[in-house]
2 protein chains.
Amino acid sequence: MPLEKSRASSSTKKRVRDAEATKLRILEAAKKEFARNGLEGARVDTIALDAKANKRMLYHYFKSKDGLFRTVLEREYLNIREEETRLDLENLPPRTALETLVRFTWEYYIANPEFITLVNSENLCQAAHIRNSPTLKTISQKFVRRIQSLLDRGVRENIFRDGIDAAQLNITIASINYYYFTNRFTGSVIFERDFTAPEALEERIAFNIETICRLVCKN
Amino acid sequence: MPLEKSRASSSTKKRVRDAEATKLRILEAAKKEFARNGLEGARVDTIALDAKANKRMLYHYFKSKDGLFRTVLEREYLNIREEETRLDLENLPPRTALETLVRFTWEYYIANPEFITLVNSENLCQAAHIRNSPTLKTISQKFVRRIQSLLDRGVRENIFRDGIDAAQLNITIASINYYYFTNRFTGSVIFERDFTAPEALEERIAFNIETICRLVCKN
DNA sequence: TGTGTAAGTAACTACATGGTGCGTTGTGCG
DNA sequence: CGCACAACGCACCATGTAGTTACTTACACA
């Protein structure tokens, strides 16, 4: 946020003009619109309208539709990694830490359904927006290292199997949770059940925790 | 195909007009275009051009862009289920059958990368095109029943654990394979490896088979 | 209190889009 | 043969699209 300025409390004085607030409103509206309709399906006019901002401001702050998408996506990645960091896996017993991680992923997708659709859009265009993002690479490295050290700790304590690759495990944890949500509409047709019904959700998260524990834990 | 007609061998006489062939060319071009750019990103002009057909024919045969997408998608679902049926899982030992199924799913996604993107598009619009497809429901039921009977057989032979739900297992098998491919672009950035390198593919399919066997098999 | 600068607006443009009206031509069949 | 109909082609339309031009207005700071 290079434009950040020192400024008196916003409650004491009503601001008609507020660059930061406008930017945030645009980003929130963009997140919704991009998530709902995809990158190509999203309409900049809709975003501007929903953000109660002029379309010109959108181009002023983010250069282009793609620039806006890039910013939205990067913020979303930062957000999930940040929340993940707060899990404090380091101070939990390995098996509990693993379960916590799986459950966190699951609950994050429920609480942030936009994340999945945004990532899908980014993959449709072959990661064109984040391909060269050093920020993303840095936080991702940190993330993989954390899981690797959890695995190592579990092996030392003779609870986890040896030789499991942290990246593969991460991918698997993400996949069994992610797929269920991203394909919940075709899934509900194919399997003739409501994927978002509370019982269905309960059953699935239990199944997923079982899957990961059987993969990683001894016995 | 209600317009199917009896007709002499196409090799004996050059046909300038061939409705079936034109339809197929349109469907193939549409599959490519929809898979590459998504439903909203796809251009009907591009499809017509690539199919070497006039745009008018596209609307004549498929009514609308959405009608075309629906047809493409339904054909893709029929195709994967048909190939799956040919696996002859019934006559393999349970564990081999399970591994065969996982490997088939994996290889199908490699050979038919369009399938994944088309399904993603359909989920972006909340399965609007296939929601009321009785064909799809019928073949899906058959598919789930086949897996359930494989599970039952494995339990009877004391090789599989009891109480595993066929739908959950199906979802998990699909997810660990599907996710890897659909998110290979962002994945390659995040994990700093080429997801499509031969060694990476080898490693992943081995990991996936291990995951499923550990989930389903005893010991 | 005046002023430079950044926030904000409205009306526009150039063009691409999905979809059609209507005319032409090849062909299977009586 | 000749005719009815299906396959096909061209030119067009109304609308929606990302992006821009030229302008006004609020506010921080001197």
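Only heavy atoms go into these numbers, but all of them, side chains included; no hydrogens, no water, no symmetry mates. Here is how names work: the chains are called A, B, and so on, in the same order as the sequence lines, proteins then strands, and each is numbered from 1.
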Starting at [atom1] of [X] and ending at [atom2] of [N], how long is that distance when rounded to a whole Å?
X: B:Leu58; N: D:dC10; atom1: CG; atom2: P; answer: 16 Å
X: A:Tyr59; N: C:dA10; atom1: OH; atom2: C1'; answer: 16 Å
X: B:Glu40; N: C:dA16; atom1: CD; atom2: P; answer: 18 Å
X: B:Leu39; N: C:dT17; atom1: CG; atom2: P; answer: 15 Å
X: A:Asn37; N: D:dT17; atom1: CG; atom2: P; answer: 10 Å
X: A:Ile26; N: D:dA18; atom1: CD1; atom2: C1'; answer: 15 Å
X: A:His60; N: C:dA6; atom1: NE2; atom2: P; answer: 8 Å
X: A:Lys23; N: C:dA6; atom1: NZ; atom2: P; answer: 13 Å

Q.
Heavy atoms only, 4.0 Å cut-off, all strands: where does B:Ala21 land among base, sugar-phosphate and nothing?
A.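 The answer is nothing, as B:Ala21 stays clear of every strand by at least 4.0 Å.
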Exercise. Please work out if A:Ala42 contacts a base, only the sugar-phosphate, or nothing of the nucleic acid, heavy-atom cut-off 4.0 Å.
Key: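 Sugar-phosphate contact only.
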Would you say A:Arg43 reaches D:dA18's phosphate, i.e. side-chain N/O to OP1/OP2 under 4.0 Å?
->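 Affirmative; the distance criterion is met.
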Phosphate contact (D:dA6 OP1 or OP2) by B:Tyr61 side-chain N/O below 4.0 Å: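 Checking D:dA6 against B:Tyr61, no side-chain N or O comes under 4.0 Å of OP1 or OP2.
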Does a side-chain heavy-atom distance below 4.5 Å link B:Trp106 with B:Tyr180?
yes
*Does a side-chain heavy-atom distance below 4.5 Å link B:Leu73 with B:Phe115?*
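SC-SC contact between B:Leu73 and B:Phe115 ruled out.
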With B:Phe185 as partner, the option from A:Arg131, A:Glu122, A:Gln126 fulfilling side-chain contact (heavy atoms from CB on, under 4.5 Å) is A:Gln126
Of the nucleotides [options], which has the atom closest to the [X] side chain?
X: A:Ser64; options: D:dG19, D:dC8, C:dG18; value: D:dG19
X: A:Lys65; options: C:dA10, D:dA18, D:dC8; value: D:dA18
X: B:Arg17; options: D:dA18, D:dA7, D:dC10; value: D:dA7

Item to check | Upstream residue (5' side of DNA chain D) when A:Gly41 and A:Lys63 are each assigned their closest nucleotide | outcome: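 Counting from the 5' end, the first nearest nucleotide belongs to A:Gly41.
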Starting at the 5' end of DNA chain D, which residue's closest nucleotide do you reach first, A:Asn54 or B:Met57?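 Result of the comparison: B:Met57.
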Practice item. Would you kindly check whether a donor in the side chain of B:Arg56 faces an acceptor in the base of C:dG23, or vice versa, at under 3.5 angstrom? Key: no
For this session: Ignoring hydrogens and angles, answer whether the base of D:dG19 and the side-chain atoms of A:Lys55 contain a donor-acceptor pair closer than 3.5 Å.
Result: yes
**Message:** Set out, in order, the CA-CA distance, both residues' side-chain angles and the distance that settles side chain to side chain donor-acceptor pair (under 3.5 Å) for A:Tyr178 and A:Asn120, then state yes or no.
**Reply:** CA-CA 11 Å; A:Tyr178 187 105; A:Asn120 280 346; 2.7 Å; yes
Sole candidate of B:Glu90, B:Glu82, B:Glu83 that passes salt bridge (charged side-chain N to carboxylate O under 4.0 Å, His left out) when paired with B:Arg86 |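 Filter result, single survivor: B:Glu82.
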